[in-house]
4 protein chains.
Amino acid sequence: MSNNQVVSSVKDTGLVEKRRNQMIKGAIALFKEKGFHRTTTREIARESGFSIGTLYEYIRTKEDVLFLVCDAIYDQVRDRLEASADWQNPSVANLEKVVESFFRLMDDMQEEIIIMYQEVKSLKKKTKEYVLNKERDMVAMLDKMIRASLPQAIAKQDAALIANNIFVQGQMWAFRRWMLQKQFTLEAYIERQMHFLLQSLAIDKV
Amino acid sequence: MSNNQVVSSVKDTGLVEKRRNQMIKGAIALFKEKGFHRTTTREIARESGFSIGTLYEYIRTKEDVLFLVCDAIYDQVRDRLEASADWQNPSVANLEKVVESFFRLMDDMQEEIIIMYQEVKSLKKKTKEYVLNKERDMVAMLDKMIRASLPQAIAKQDAALIANNIFVQGQMWAFRRWMLQKQFTLEAYIERQMHFLLQSLAIDKV
Amino acid sequence: MSNNQVVSSVKDTGLVEKRRNQMIKGAIALFKEKGFHRTTTREIARESGFSIGTLYEYIRTKEDVLFLVCDAIYDQVRDRLEASADWQNPSVANLEKVVESFFRLMDDMQEEIIIMYQEVKSLKKKTKEYVLNKERDMVAMLDKMIRASLPQAIAKQDAALIANNIFVQGQMWAFRRWMLQKQFTLEAYIERQMHFLLQSLAIDKV
Amino acid sequence: MSNNQVVSSVKDTGLVEKRRNQMIKGAIALFKEKGFHRTTTREIARESGFSIGTLYEYIRTKEDVLFLVCDAIYDQVRDRLEASADWQNPSVANLEKVVESFFRLMDDMQEEIIIMYQEVKSLKKKTKEYVLNKERDMVAMLDKMIRASLPQAIAKQDAALIANNIFVQGQMWAFRRWMLQKQFTLEAYIERQMHFLLQSLAIDKV
DNA sequence: CATGAATGAGCTTTCATTCAT
DNA sequence: AATGAATGAAAGCTCATTCAT
């Protein structure tokens, strides 16, 4: 369903969704290549397959495109994360599965992740908060899973910290690829991070 | 000594260094506020206390300013990190000290850290590599310290991974402050991260 | 009867007239607020109660709307002016009545008058002439009335000049309201202008 | 001295004045031809003899140009009006001289007058008021002259009304030239208007 | 007849960079 | 060495108009 944080002149919501998807796809391709600021609205229109006039029928400002892109990426990450494991039955095994899926997801969506974290800052306060809340939600999912999975009790803060660490280690695979991906295969990276994670939680490898 | 990656028309190296320091200071203040792309060269000149013409006597392009800024921040981080502990006598205690200092440093220099990691992407390939090498160097320092400090042997890759984790956990204090700094004091953050670090390395708290 | 200076794709003349009246009403409301140039065709369509596509079924260019508006205003002024007095029986008394009516009319239709005189210039030559001829006609009516009313003979040119003066004094009530309407009530304005008019024509107040 | 209602990036006030004069001259030429809204900033720059970038060194928005133009025209009218007669020694003869000069001035500056009264409406409230105050001042000059010149006393309101009438009759020579200038020479126009003016004031022609 | 999505020329404005003084 | 006026490519955005449905 088309995002209604962003105003469109076009009424047909089905069309709005379709066009915005084209737009998001086109914009991501361009943002990957040159970042938000160096991409022009004309380029976005062309890459999306329509004219500049049409682009502006579906958004109001260039920033709207960025918002749509960030929002779409978050939703995609979340959807895939939710589908990746059994969140209803917490267990160390399922936690491991979640973490592994998350790392694989970050590998899959490297470029999108880089775009998102590097450009959200360009959103204005309100929109930025809206988007960051989605991150908060996902961290909370993981947080909850951690607390429910562990055999022993864990302090609330500790669970939150670990959840954040996992998140950042996932993102780091994308952001620091120039450093990490020369030294590690994805498999090795996952395996070693998982090892240290379990170790730090004093859990014997299953 | 003035950075000679960037070409200046002015010969007097002392003057070049002085002017560039003014420029870096001014630019950082502005980048903190509005980011690199939204800051104009005119503003940088004014904030630095000289004219736009003079600015261009000491650099060649706007990107040069960004480079100078990133470079200066890295140097500052490195200097302070080096001064913060006894790197010559590796020990778990010294490792802890280094890690703690690093986290405190990241707290101190939050804004600069954010600038750096959010804007390096705007540097062109060659310059970016030059800057990222400085990051590599610092990670290497930590890596080496880890390997030398631990009572038991640690795989080369593992040390590198831990070093990266520490780095990213430090940066995360700055980048995710909207999430972390509501839940943790710096002290608590350091304490818990250190706890998990030692735990994951199977070291009993000293 | 719908104005056939402006071409319409729609055949049904009754409908054309109905739609154009909606359009004129909508456009006047908008022109009052923001002038012709700052009003968009989309706004005119919306304000008129139909779609942009429909708007263009009844006109060919945006300028057509302006023409229709000016034309309608002139017709309205003329209709009301004609109805306001007994033009068939010239007399000083009737002349006075006409002048008073005209001033009251200008007060009533201030905004419309302002629109018309401020935007006609945007019409292209031919249409502008068509519209200005209506003004000429009205001045001629007054001119004729003056010549027929006065006890003594008056030079042709003089009658024309006086007719123009009266017209402009009426418009001035609308255009210079920021200056005049602070100092005069409409009644006082009419009374004093009439006084000077009669005086200049050497007629004793009836 | 350069108008400081409008902000300029250029510091050299002499230069600012020079460039703005070029700009005003260029803009008037264009506004005469096509009006404010149909004239582009690029055209103004080209006509003024400099680049679009330079234009914007001396103004902030397109509206600034319009303001500068209106302001300059008013100042010119006022200067010429002040120079045209002996304002210090009121007398019917001098009043006649003033009126005649004013009419001649309106003839001379027809195009400018048309621009001004047709485009002031596009200024925003504050600037418009600033400009209209200049009109008020001039009307006040005339008003004062009328009161001081007449042999008999005249009511305050009446003097103001007569002053306004004279003003509007002057402007009408420019605005209604399509109607008046076919029937009257300037000389005749002045002569007849003066005749009716004196008549209405019950003054015997000198 | 009515609709409204699509178009793209064209607008105002910005800003990195140069260069004469 | 320092200045700041000049430049113009290029950006974001608007809007009159068309035309398939």
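Residue numbers start from 1 in every chain, and the chains themselves are labelled A, B, ... in the order their sequence lines are given, proteins ahead of strands.
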For atom [atom1] of [X] and atom [atom2] of [N], their distance in whole Å:
{"X": "A/Leu55", "N": "E/dA5", "atom1": "CG", "atom2": "P", "value": "15 Å"}
{"X": "A/His37", "N": "E/dA16", "atom1": "NE2", "atom2": "P", "value": "12 Å"}
{"X": "A/Ile52", "N": "E/dA9", "atom1": "CD1", "atom2": "C1'", "value": "12 Å"}
{"X": "A/Ile59", "N": "E/dA5", "atom1": "CD1", "atom2": "P", "value": "16 Å"}
{"X": "C/Met23", "N": "E/dC1", "atom1": "CE", "atom2": "C1'", "value": "14 Å"}
{"X": "D/Arg60", "N": "E/dT12", "atom1": "CZ", "atom2": "P", "value": "18 Å"}
{"X": "C/Arg46", "N": "E/dA5", "atom1": "CZ", "atom2": "P", "value": "13 Å"}
{"X": "A/Leu66", "N": "F/dG12", "atom1": "CG", "atom2": "C1'", "value": "15 Å"}

Notebook entry, point to check: Looking at OG1 of A/Thr41 and CZ of A/Arg46, how far apart are the two atoms once the value is rounded to the nearest 0.5 Å?
Noted result: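 Reported value, rounded in 0.5 Å steps: 10.5 Å.
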Check: For the atom pair CG (B/Leu55) and CZ (B/Arg20), what is the distance rounded to the nearest 0.5 Å?
Finding: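 Spacing of CG (B/Leu55) from CZ (B/Arg20) equals 10.5 Å.
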Remember a base hit wins even if backbone is also touched, and classify [X] as base, sugar-phosphate or nothing at under 4.0 Å, heavy atoms.
{"X": "D/Lys18", "result": "nothing"}
{"X": "C/Arg19", "result": "sugar-phosphate"}
{"X": "B/Thr61", "result": "sugar-phosphate"}
{"X": "A/Thr39", "result": "sugar-phosphate"}

Next item on the list: Would you mind pulling out the nucleotide paired to F/dG8, Watson-Crick or G-U wobble, both distances under 3.5 Å?
Entry: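 Check on F/dG8: paired to E/dC15, both distances under 3.5 Å.
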Check: What is the pairing partner of E/dT21, taking Watson-Crick or G-U wobble pairs with both distances under 3.5 Å in any strand?
Finding: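 By the stated definition (distances under 3.5 Å), F/dA2 pairs with E/dT21.
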Notebook entry, point to check: 5'-most contact on DNA chain F: D/Gly49 or B/Thr54, nearest heavy atom basis?
Noted result: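 In this pair, the answer is B/Thr54.
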Check: If you pin B/Leu15 and B/Arg42 to their nearest nucleotides in DNA chain F, which one's is more 5'?
Finding: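 Result: B/Leu15.
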Margin query: The side chain of C/Lys62 is closest to which nucleotide in this list: F/dA6, F/dA1, F/dA16?
Written below: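 Nearest to the side chain of C/Lys62 among the choices is F/dA16.
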Think [X] has a side-chain N or O under 4.0 angstrom from the OP1 or OP2 of [N]?
{"X": "C/Tyr56", "N": "E/dT3", "result": "no"}
{"X": "D/Thr41", "N": "E/dT12", "result": "yes"}
{"X": "A/Tyr58", "N": "E/dA6", "result": "yes"}
{"X": "A/Ser51", "N": "E/dT7", "result": "yes"}

Checklist line | salt_bridge(C/Lys34, C/Glu43) N-O dist < 4.0 Å | finding: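 Looking at C/Lys34 and C/Glu43, the cut-off is met.
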Notebook entry, point to check: If you draw a 6.0 Å radius around NZ in A/Lys32, do more than 12 non-hydrogen atoms from other residues or ligands fall strictly inside?
Noted result: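 Counting neighbours around NZ of A/Lys32, more than 12 heavy atoms of other residues, nucleotides or ligands fall under 6.0 Å, so yes.
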Check: Should the pair C/Tyr58 and C/Phe50 be assigned to parallel (<30°), tilted (30 to 60°) or perpendicular (>60°) ring geometry?
Finding: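 The arrangement is tilted - the two ring planes meet at 30° to 60°.
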Next item on the list: Show the numbers, then the answer: is there a side chain to side chain contact (heavy atoms under 4.5 Å, CB included) between A/Phe31 and A/Ile44?
Entry: CA-CA 9 Å; A/Phe31 292 174; A/Ile44 296 171; 4.2 Å; yes
Item checked: 5'-most by nearest nucleotide on DNA chain E - B/Thr40 or D/Thr40 ->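 That would be D/Thr40.
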